[in-house]
Amino acid sequence: MGFLLAAVGSAVGLGNIWRFSYITYANGGGAFLIPYFTALITAGIPLLLLEFSLAHRFKGSAPAAYSKVGPKWEWLGWWAVVFVMFGIELYYMAIISWCLNYFFLSFGLKWGVDPNSFFFKTFLGLSSSPIKLGSIRPPIALGLTAIWFLTWIISYRGIQKGIELANKIFMPLLFVLTAILVLWSMNLKGSALGIKAYLEPDFKKLTHPKVWIDAYSQIFFTLSLAQGIMIAYASYLPEKANLTRDAITVSLMNCGYSIFAGFAVFSTLGFMATVQGKPIDAVVSQSIGLAFVAYPEAVSLMPWGSMFGAIFFFCLVVAGLSSSISLMEAFISAYIDKFGSNRKKVTTVTSIIGLLGGMVFTTQGGLHWINIVDHFITDYGLVLSGLLESVMIGWVLGTGILRDHMNDLSSVKVGTWWDISIKYIVPAVLGVIFIEAIYSGFSRPYHGYGWGEVFAIGGGWLAATVIVATALSSRPWNR
Ligand code: PHE
């Protein structure tokens, strides 16, 4: 149960709340569920099964398990956990800090009548370009310290008393609070308009390749795949583990949560459109715009809006924290596996480096840095890591070992469809996503930034993860 909730805790993150519903809306509403579930069945669940069985069969984190496939692959395992920890985790924490700040700002609706300019000007003090860092924003830095402290203490306490316990509290809490938001928002006037926009199917959209690419990307991202995370968690499972049943449970809970949370997001947007007499597409936005501009505005129009806003931002903090713990664990467990160091020490040192390194995202140029680093790490790094992972298992190790291992232990047996997915479907889909990302990333400057700044920051950051991974993988094993 602790493992299941921790894996769900990792999968359910900010992406489920602020990304899924928008992607659904923009890609054909209810019709999008077809590519989404196709992606889940043909790639998401197969990769999750791969990660669970690989970790369980070879009993180790990504570098340890990969090195058993062949010493040359150890590097890939390090690369995944290094960019997860020192790439994604660092800015993910800064975003959770914004959520924590907005949780407190909800009381009294501190953003006033213009949440847009409050967020960009007053809160972030956003500079005009990534090379203008300006100063550190004290409330964001303070929030970042608090979030790092929480992540550190949970991880410091170990797997059972820390990570499992935290998720046993966080997950039920998150589900209850989300249910409150869904019921509450569906009772607001205009909610039906929002839900119609969210789910009304437009089957014509399914002929656009981009819709399918979006479905597959969302599945990889939401299930926390190809990042050494699920591998780290599954490496702690006992000898007897029902691997396939667990993988199916985790995916269904994660995707079910996304669909459910979408009702709260779109009911609220429908309410705002109705009150302001605007068409729904004029109020819809995703990710940062949804959480820090659209939602605050909607909340200020609602009776008891402070309360609603506080619950919403608290949900983001809880969903974010349970994911951030897992992002860090991917690295910590890898380090302990290889160097045999003590968990408390590794956690403390890693958290301090993480906090200091993450400070760049709390500056006035922070949002620009988040955009660029996120683009390089998730659009290129993550996709490449998943591609190589499936090639490694499908073509080097061979799928048979892991399939036999799963089938020996689990109640739900997997057949050759799994081998086909790992050998052909996953590499093909990730290959297409990678080429598309390179093509669109190189055809126009990202987000309108200059080429020089994009490559210096994003490319530099990615290159640094390669250097650190190489250094760690070339050291001798200490266990
Ligand atoms: N799966 C989580 C989400 O959707 C956590 C995650 C964070 C995954 C960052 C990848 C990168 O938010």
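Counting convention: from 1, in listed order, for ligands and their atoms alike.
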Item to check | Minimum-distance protein heavy atom relative to atom 5 (C) of ligand 1 | outcome: Ser10 O, 3.4 Å
Checklist entry - Tell me the salt bridge (Lys or Arg N to Asp or Glu O under 4.0 Å) pairs involving residues 208-218, sequence neighbours left out? => result Lys210-Asp214
Item to check | Heavy-atom closest contact (Leu382 atom, Phe221 atom, distance) | outcome: CD2-CD1, 4.4 Å
Next on the checklist: Taking 4.0 angstrom as the limit and counting only heavy atoms of Tyr92, give me the atoms of ligand 1 inside it, by number and element.
Outcome noted: 5 (C), 7 (C), 9 (C), 12 (O)
Item to check | Non-hydrogen atoms of Tyr446 and Asn371 that approach each other most closely | outcome: CE2-O, 3.4 Å
Checklist entry - What is the nearest protein non-hydrogen atom to atom 12 (O) of ligand 1, stated with its residue, atom name and distance? => result Gly15 N, 3.0 Å
Checklist entry - For atom 9 (C) of ligand 1, what is the nearest protein heavy atom, given as residue, atom name and distance? => result Ile88 CG2, 3.5 Å
Item to check | Heteroatom proximity flag, Ser323 to ligand 1, N/O under 3.5 Å | outcome: no
Checklist entry - Just one of Phe86, Trp79, Phe83 clears the ring-ring contact (aromatic ring centres under 6.0 Å, His included) bar with Phe331, so which one? => result Phe86
Next on the checklist: If I apply the N/O under 3.5 Å rule, does Val12 come out as touching ligand 1?
Outcome noted: no
Next on the checklist: Tell me whether Ser322 contacts the main-chain N or O of Val318 through its side chain, where contact means a donor paired with an acceptor under 3.5 Å.
Outcome noted: yes
Item to check | Trace of the side chain to side chain donor-acceptor pair (under 3.5 Å) decision for Tyr236 with Glu329 | outcome: CA-CA 11 Å; Tyr236 299 121; Glu329 185 59 25; 2.7 Å; yes
Item to check | Ligand-side contact atoms (ligand 1) for residue partner Thr222, heavy atom cut-off under 4.0 Å | outcome: 1 (N), 4 (O)
Checklist entry - Are the side chain of Ser97 and the backbone of Leu144 linked by a donor-acceptor contact shorter than 3.5 Å? => result yes
Checklist entry - Can Gln227 be said to touch ligand 1, with heavy atoms closer than 4.0 Å? => result yes
Item to check | Phe220 versus Ala43, closest heavy-atom pair with distance | outcome: CZ-CB, 4.1 Å
Next on the checklist: Measuring from non-hydrogen atoms of Ala319 to any atom of ligand 1, is the shortest distance under 4.0 Å?
Outcome noted: no
Checklist outcome for this item: for atom 11 (C) of ligand 1, nearest protein heavy atom and its distance come out as Phe221 CE1, 3.3 Å
Checklist entry - Got the closest protein heavy atom to atom 1 (N) of ligand 1, with its distance? => result Ala11 O, 2.9 Å
